[in-house]
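No experiment lies behind these values; they were computed from the predicted model shown.
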Amino acid sequence: MSIYDSLNKEQKEAVMHTEGPVLILAGAGSGKTRVLVHRIAYLIDEKGVPPYNILAITFTNKAAGEMRERVDKLVGFGADQVWVATFHATCVRILRRHIDLLGYDTNFTIYDTDDSKSLMKQVFKNIGIDNKQLREKTVLGVISAAKDELIDENEFEKTASDYVEQRIAACYKEYQKLLRDSNALDFDDIIFKTVTLFKTHPEVLDNYNERFRYIMVDEYQDTNTAQFELVRLLAQKYRNLCVVGDDDQSIYKFRGANIRNILDFEENYDDAFTVKLEQNYRSTQNILDAANSVIRNNYARKDKALWSDRGSGKLLHFRQFDTAYEEAEYIADDIAKAVKKGETTYSECAVLYRTNAQSRLLEEHFVKNGIPYNLVGGVNFYDRKEIKDMLAYLRMVDNAKDDLQVKRVINVPKRGIGQTSVDKVTDYAYRNGLTFFEACETADSIPTLGAAAKKIMAFANMIRVMRASVGDYGLNGLINDIIDKTGYVKELEESDEDDAKDRIENIYELVNKIVDYEENEPDAGLSGFLEEVALVSDIDGIDDSMPRALLMTIHAAKGLEFERVYLAGCEDGVFPSYLSIACEDDSELEEERRLAYVGITRAKDEFTATYARCRMNRGEIQYNPVSRFLKEIPKELIDNRLPGERRQWTDDFASIPQKEVSVAKVKPVALTKGMGIKKADKLDYTVGDRVRHVKYGVGTVLNIEDDVKDHKVTVEFDGTGKKIMYAMFAKLEKV
């Protein structure tokens, strides 16, 4: 029996059509890696192509390693001569041999992200740019985007149209000069310089045209302009270029991926042979029909539809909840029950979400249910630096004797207190029998501190004031006071760190946790909250050898598969995001829809989408409608009900009330419970009055509703639009 007899008809066509340009549109779970490996074997065994003449390019080291292993196993003798590598590894090997033609030594250094940031700081210093007016991260981002489009510093300078672009152009030139002086390349240079080498030295290009007579590129939908041009040049002589990808899984636009590369392949190569791999070996037909129905609403795509011979399978599940807390509770409980019944294992369960901040509630409920889990692509919520920093401030307010917490954040964010000063205070405290914080309060008594004494005492005074005020404004007021007075979030907003936005979202997710806690435990106070957090975050006892459920963003799940997939947060405003909905360009929303398609097609047997009518964001409640992506799934494919004694919900998405976004300081479910809200007999403002809010600024009162628990006030704020709040928490002041 031939090794090719196990392939389906379309897979065989893709493997055996070896000459000229070939486009393989490989749907999710259609066996594209299998096709690539068999194609390499076919070229060697049946077509007599020397392994030396074959190049296979992937995107990640992991993918390259897996392909290398499978090629070695299938091909056997001579397989080691097939060049299997990532884009960057391929280019580095070429540059090591020929970069001297561009004026560099072949022992060049490759700068990582931190190196590039340090170099840009030197650039700013050299040409006199204030980083308060222009951020290093911003400039590096623009330069990176320019290199992806093969725009060098001289061309960028010619097209700079305004003052900011001219300053960035100056930075670009100086940055490249310093790189060259250091005989270094940044990450974007690796491909850019290889393309430059090929274009300026045709004899080198001709050498590699002869070397790589058969070229295969995986995940072609994720290529940028520079990668497209590199592949075009390498294949220009023999034109035996085979690209494999799925435009419906193009989800990396934010990294520079250009979906037009795969969509326009047949225009760029008018003699291209195209084959569609539509048979899916992963999922049941109901799951595939749902995915097909969603992605069909995109315009920028190649027409195809996944199918499976695994049968219809179970209906997709749609579960609706009042709150995100109930959503997380259900997901954890459902997984625990399924495992207990022997229906699945933890390692076959995955919970996907749009943003990392959504993991917090899920993690807490997994811990409560004793579910072992791994957080993919991130640190467990309570182990993240910014959360540990915020908790350190809270612990200082609760217990100033905790020297470890004081030392952790005495210079976080930066306030000019160095380690030398901390050591002097530590020594003074030890010699005088004081806690570290007590020594900070009397830092002016430490003669060797100098100017740092005032900064240390200011820090101690800030904590002392917070401690004295906590009883007046509660835990929610305290955490917001910490955010405001320390300037922690402000520093992140001005930061060059790539993950600054995610870290800010995580901090406000901690605010959500505090609001939840105050509502449910109004008398427990700060000590109770810190105790609960300490217990929830203590997961060290879980055995590493145990199978684990996975929590991850949808981006991180690409390429993976699971028996059971839960997609949490299926609301407009969460997934798709507000930014993509508001964007005039449909391409943003289409990218989000491709992300939904990726999420659905991770499931083999069961898929559950969950929706919360209200979700807390930055300590406030938002009411969001059901995700438009779920509405695109035919209702006959969805089991739309709640289990057990819970009430039945409508089977028609269209009839679900679509509330506009509004905010409050408590969860709506709390209004049906006894809660410690003291309703004011009378407000000092009325409809039509101008009022001021500590966060939203000045606005006009549109409506006041005399709710059973408190006055519900609707205000149109000048800068942020309409908000609905409860009077006790809003604390509006009449202007």
Side-chain angles (χ1 to χ4, degrees), residues 25 27-28 145 219-224 245-264 287-306 316 318 352-358 501-502 505 552-558 565 567-603 607 609-613 615 617 622-635 637-638 653-654 656-661 721:
L25 292 170
E219 302 288 5
Y220 192 67
Q221 77 278 351
D222 294 332
T223 55
N224 59 31
D246 182 7
D247 50 298
D248 290 335
Q249 296 187 76
S250 179
I251 58 174
Y252 296 118
K253 182 180 178 181
F254 66 96
R255 294 181 185 170
N258 184 355
I259 193 176
R260 299 309 314 178
N261 290 345
I262 192 168
L263 293 179
D264 296 340
I287 290 172
L288 298 180
D289 286 345
N292 290 333
S293 297
V294 172
I295 201 62
R296 196 175 293 127
N297 291 278
N298 273 6
Y299 292 100
R301 66 182 297 264
K302 300 280 189 181
D303 183 48
K304 54 187 172 299
L306 298 179
L316 283 75
F318 174 56
L352 312 181
Y353 36 79
R354 183 64 182 84
T355 63
N356 275 311
Q358 290 172 253
K501 183 178 178 181
D502 286 341
E505 288 182 357
M552 70 186 88
T553 64
I554 310 173
H555 280 102
K558 187 171 179 288
V565 169
L567 183 55
C570 293
E571 303 120 41
D572 270 10
V574 177
F575 186 42
S577 67
Y578 284 123
L579 290 177
S580 64
I581 294 171
C583 185
E584 295 181 3
D585 184 356
D586 286 342
S587 67
E588 296 295 330
L589 189 58
E590 292 209 352
E591 176 119 349
E592 292 276 296
R593 186 175 283 109
R594 291 193 290 271
L595 203 55
Y597 174 84
V598 168
I600 296 170
T601 55
R602 298 312 92 195
F607 176 84
T610 58
Y611 155 71
R613 287 177 174 268
R615 186 176 299 275
N617 182 30
Q622 290 185 343
Y623 294 88
N624 297 316
V626 174
S627 172
R628 61 194 63 201
F629 300 148
L630 292 188
K631 297 179 187 178
E632 294 167 354
I633 300 175
K635 65 180 182 180
L637 295 177
I638 297 181
F653 284 128
I656 296 175
Q658 305 297 299
K659 299 181 182 181
E660 66 180 72
V661 177

Salt bridge flag under 4.0 Å for residues Arg255 and Asp222: no

Qualifying residues under side chain to side chain contact (heavy atoms under 4.5 Å, CB included), relative to Asn298, sequence neighbours excluded: Ile295, Arg301, Glu590, Arg593, Arg594

Check: Glu571 side chain, Ala612 main-chain N or O, donor-acceptor pair, under 3.5 Å: yes

Taking every non-hydrogen atom, the tightest pair across Phe254 and His555: CE2-NE2, 3.5 Å

Side-chain donor/acceptor of Tyr252 to backbone N/O of Gln221, under 3.5 Å: no

For the student: nearest non-hydrogen atoms of Leu306 and Gly27, plus distance: CD2-CA, 3.7 Å

Closest approach of Leu567 to Phe607 (non-hydrogen atoms, all atoms of both residues): CB-CZ, 3.7 Å

Check: Leu263 main-chain N/O paired with Asp247 side-chain donor or acceptor under 3.5 Å: no

Asn258/Thr223 under side-chain contact (heavy atoms from CB on, under 4.5 Å): CA gap, chis, key distance, verdict: CA-CA 6 Å; Asn258 184 355; Thr223 55; over 6 Å; no

Heavy-atom check, side chain of Cys570 versus side chain of Phe629, under 4.5 Å: no

Closest contact, heavy atoms only, Ala603 versus Ile287: O-CD1, 3.7 Å

From CG (Asp572) to CD1 (Ile581), nearest 0.5 Å: 4.0 Å

Criterion side-chain contact (heavy atoms from CB on, under 4.5 Å) on Val598 and Arg602, from CA distance to verdict: CA-CA 6 Å; Val598 168; Arg602 298 312 92 195; 3.8 Å; yes

Heavy-atom closest contact (Arg354 atom, Val574 atom, distance): CG-O, 3.5 Å

Point-to-point distance, once rounded to the nearest 0.5 Å, from OG1 of Thr601 to CG of Leu288: 8.0 Å

Trace of the side-chain contact (heavy atoms from CB on, under 4.5 Å) decision for Asn297 with Arg628: CA-CA 11 Å; Asn297 291 278; Arg628 61 194 63 201; over 6 Å; no

Tyr353 side chain vs Met552 backbone, donor-acceptor pair below 3.5 Å: yes

Minimum side-chain heavy-atom gap Glu588-Lys253 below 4.5 Å: yes

Donor-acceptor contact present, side-chain Ser627 to main-chain Phe575, <3.5 Å: yes

Ala357: side chain to side chain contact (heavy atoms under 4.5 Å, CB included) partners, not counting sequence neighbours: Thr355, Glu505, Asn506, Glu509

Backbone N/O of Ser580 and side chain of Glu592: donor-acceptor pair under 3.5 Å: no

Heavy-atom closest contact (Phe318 atom, Leu630 atom, distance): CE1-CD1, 3.3 Å

Between CD1 on residue Ile259 and CG on residue Asp264, distance to nearest 0.5 Å: 10.0 Å

Check: Asn224 main-chain N/O paired with Asn261 side-chain donor or acceptor under 3.5 Å: yes

Partner of Lys302 by side chain to side chain contact (heavy atoms under 4.5 Å, CB included), out of Ile262, Asp246, Leu25: Leu25

